[in-house]
Amino acid sequence: MLDGGRWLKKQLKQTLKAKGVSHPLSMKDKEIIEAIRKETVTANRNNCTRTAAYFQYYRNNPEMHWSLLAHLVSRNAGWNMTDLKGEYLPVLLSGKEQVDFFVFLERGNWLIFQDAYPQLLLYQYSRQIGRPLFHLLAPLGISAFMLPFWEKFWDDGNSERITKALIVNEQMYIEERVVQNHQYMQTVTDKVMFKLQDILDFNHILFPYETPNQKKTKLIGGTVHHFSAVDARVFFGKSLYHTLFSVKSRLEQITAWSEAHVHSGSRSDYWPDLFSLVKETPPGKVHELLESPCRRKHKGPKIYSPPLEQAWEDWTHQEAEPGDWFRNLTTLRWMKAKTKELDEDIESSYCRTIEEVEMAVTAKHTFKREEEA
């Protein structure tokens, strides 16, 4: 286990015993809670606003590695959302399936932000005041699991430990609320198309960056398999974190790219030579790649990838379901397990996925024409 492991285990046992015990709050405490809630609601309007908030927070608090990781993963969530209204998926999915999938993605993105961002703000308020305010985690509805980790982080500033704790917490937070939620299981996670996406390696997480003296945007990242398995998501998140922060020069390039490219939700953010904000394929025609998208020597119409605000209106969410997922110490095994940097050739993998999806769209159009004939 990481340094301080025995202390953390002991503290986690104590937090389990103390769950449900409330303490009186001062007027200042109540003011801070109210300010945090208001700021969180404002920034949680849609995927673009929350993605921007994560990045700005990281710029102000670079020791909070999780915020940069969350920014990049949230960018990918936005790209997945706009894919549902882009070149290909509207051909493969019905209108209802598109909405169901969007709500699934949006709900998870919204839930994680409304749970994690108050924690980040509470740490920021603690720094401003000069003393820890983590006794306010429980009144903010944060899992008891996080209290010892924030207290330890305040003492030693271990960015890796608090990042891994947040990865575990946020994946457990959405486990029952989204991934194993009966409604979403019926409409999304148990649907053939969702399983097909896993087979096609469509669940990519891409980190764009540019190396010095190169105009071409490069990609690193990985593919999450078995999305419905919480342990797979946790280990994947830890691997993404290791990949992101393992090479300092590349980390700086990824951060610089994020600074220079405001997140719109369109995949043209990182590959404007392949994706377009407007639909270029003529009506009734099937988009055809003239060459491999990996080469990106594309002379025909680009792949349509709209901005988020054009693809989807802001979604109104019901309040987060109450309850604390933390019931025992079994999740500590995820903190101890070692992870390695992802070595997947994500650019080639993603390009193959584009080709496979386009072939599926072409096949569907061909089948439709044969039926009509």
**OP:** Report the residues that fulfil side-chain contact (heavy atoms from CB on, under 4.5 Å) with Arg45, sequence neighbours left out, ordered by chain and then residue number.
**Re:**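 Partners of Arg45 under the side-chain contact (heavy atoms from CB on, under 4.5 Å) test: Thr49, Asp314.
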
Subject >> side-chain contact (heavy atoms from CB on, under 4.5 Å) partners of Asp155, counting only residues at least two apart >> reply: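 side-chain contact (heavy atoms from CB on, under 4.5 Å) check on Asp155 returns nothing, list empty.
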
Original post:
Could you walk me through whether Trp325 and Glu175 pass the side-chain hydrogen bond (donor to acceptor under 3.5 Å, both in side chains) check?
Top reply: CA-CA 9 Å; Trp325 63 266; Glu175 174 69 0; over 6 Å; no

Quick one: pull up [atom1] in [X] and [atom2] in [Y] and give me the separation to the nearest 0.5 Å.
| X | Y | atom1 | atom2 | result |
| --- | --- | --- | --- | --- |
| Phe101 | Leu105 | CZ | CG | 5.5 Å |
| Cys48 | Met81 | SG | CE | 9.0 Å |
| Glu63 | Thr163 | CD | OG1 | 10.0 Å |
| Leu133 | Asp29 | CG | CG | 7.0 Å |
| Arg59 | Thr255 | CZ | OG1 | 6.5 Å |
| Leu137 | Tyr123 | CG | OH | 13.5 Å |

**OP:** Quick one: do Asn76 and Trp79 satisfy side-chain contact (heavy atoms from CB on, under 4.5 Å)? Show the steps, please.
**Re:** CA-CA 5 Å; Asn76 282 266; Trp79 295 330; 3.7 Å; yes

Side chains of [X] and [Y]: does their closest heavy-atom pair fall under 4.5 Å?
| X | Y | result |
| --- | --- | --- |
| Ile162 | Lys152 | no |
| Ile354 | Tyr88 | yes |
| Ile167 | Trp334 | no |
| Leu136 | Leu25 | yes |
| Thr15 | Pro148 | yes |
| Glu358 | Glu355 | no |
| Asn61 | Arg127 | yes |
| Trp315 | Val103 | yes |

Is it the case that the ring center of [Y] lies less than 6.0 angstrom away from the ring center of [X]?
| X | Y | value |
| --- | --- | --- |
| Phe245 | His65 | yes |
| Trp257 | Phe207 | no |
| Tyr54 | Trp66 | yes |

**OP:** In sequence, state the C-alpha distance, the side-chain angles, and the governing distance for Arg161 and Phe149, and then conclude on side-chain contact (heavy atoms from CB on, under 4.5 Å).
**Re:** CA-CA 8 Å; Arg161 185 195 302 115; Phe149 289 100; 3.9 Å; yes

Any idea how [X] and [Y] line up, ring-wise: parallel (<30°), tilted (30 to 60°), or perpendicular (>60°)?
| X | Y | result |
| --- | --- | --- |
| His204 | Tyr350 | perpendicular |
| Phe113 | Tyr117 | parallel |
| Phe102 | Trp312 | parallel |

**OP:** Apply side-chain contact (heavy atoms from CB on, under 4.5 Å) to the pair Glu151 and Trp7, showing each step before the final yes or no.
**Re:** CA-CA 11 Å; Glu151 291 177 337; Trp7 181 89; 4.0 Å; yes

**OP:** Flag yes if Phe235 and Tyr241 sit in one hydrophobic cluster, no otherwise; membership is Ile, Leu, Val, Met, Phe, Trp, Tyr, and two members link when side-chain heavy atoms are under 4.5 Å apart.
**Re:**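 They do share one cluster, since a chain of ILVMFWY contacts under 4.5 Å joins Phe235 to Tyr241.
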
Using modelled atom types only, decide if a donor and an acceptor are shared between the side chain of [X] and the backbone of [Y] within a distance under 3.5 Å.
| X | Y | result |
| --- | --- | --- |
| Arg107 | Val178 | no |
| Glu97 | Ser94 | yes |
| Thr243 | Leu342 | yes |
| Arg37 | Glu34 | no |
| Gln124 | Leu120 | no |
| Gln98 | Leu93 | yes |
| Asn47 | Ser74 | yes |
| Lys85 | Pro306 | no |
| Thr217 | Trp271 | no |
| Glu280 | Lys302 | yes |

Original post:
Would Trp150 and Gln119 count as a side-chain contact (heavy atoms from CB on, under 4.5 Å) if you check the C-alpha gap in whole Å, the side-chain angles of each, and the deciding distance to 0.1 Å?
Top reply: CA-CA 9 Å; Trp150 278 112; Gln119 297 181 59; 2.8 Å; yes

Please indicate whether [X] has more than 12 foreign heavy atoms, meaning atoms of other residues, nucleotides or ligands, lying under 6.0 Å from its [atom1].
| X | atom1 | result |
| --- | --- | --- |
| Glu176 | CD | no |
| Gln128 | CD | yes |
| Glu309 | CD | no |

Mind listing the closest non-hydrogen atom pair of [X] and [Y] along with its distance?
| X | Y | answer |
| --- | --- | --- |
| Thr82 | Pro307 | CG2-C, 3.9 Å |
| Phe145 | Ala165 | CE2-O, 3.7 Å |
| Ser143 | Asn169 | CB-OD1, 3.4 Å |
| Asp115 | Ile142 | O-CD1, 3.2 Å |
| Pro139 | Ile33 | CB-CD1, 3.6 Å |
| His71 | Thr51 | ND1-O, 2.8 Å |

**OP:** Take Asn44 and His317 through the side-chain hydrogen bond (donor to acceptor under 3.5 Å, both in side chains) test and state the conclusion after the steps.
**Re:** CA-CA 10 Å; Asn44 206 9; His317 290 265; over 6 Å; no

Original post:
Is it true that Glu87 and Arg267 have a side-chain N and a carboxylate O under 4.0 angstrom from each other?
Top reply: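 The answer is no: the pair does not qualify as a salt bridge.
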
Original post:
Any salt bridge between Glu160 and Lys238, counting N to O under 4.0 Å?
Top reply: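 No, Glu160 and Lys238 are not salt-bridged.
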
**OP:** Please report the C-alpha distance between Ser268 and Ser266 in whole Å, then the side-chain angles of each, then the deciding distance to 0.1 Å, and finally whether the side-chain hydrogen bond (donor to acceptor under 3.5 Å, both in side chains) criterion is met.
**Re:** CA-CA 5 Å; Ser268 65; Ser266 169; 2.7 Å; yes

Original post:
Hey, mind stepping through Asn203 and Thr223 against side-chain hydrogen bond (donor to acceptor under 3.5 Å, both in side chains) and telling me if it holds?
Top reply: CA-CA 6 Å; Asn203 297 316; Thr223 307; over 6 Å; no

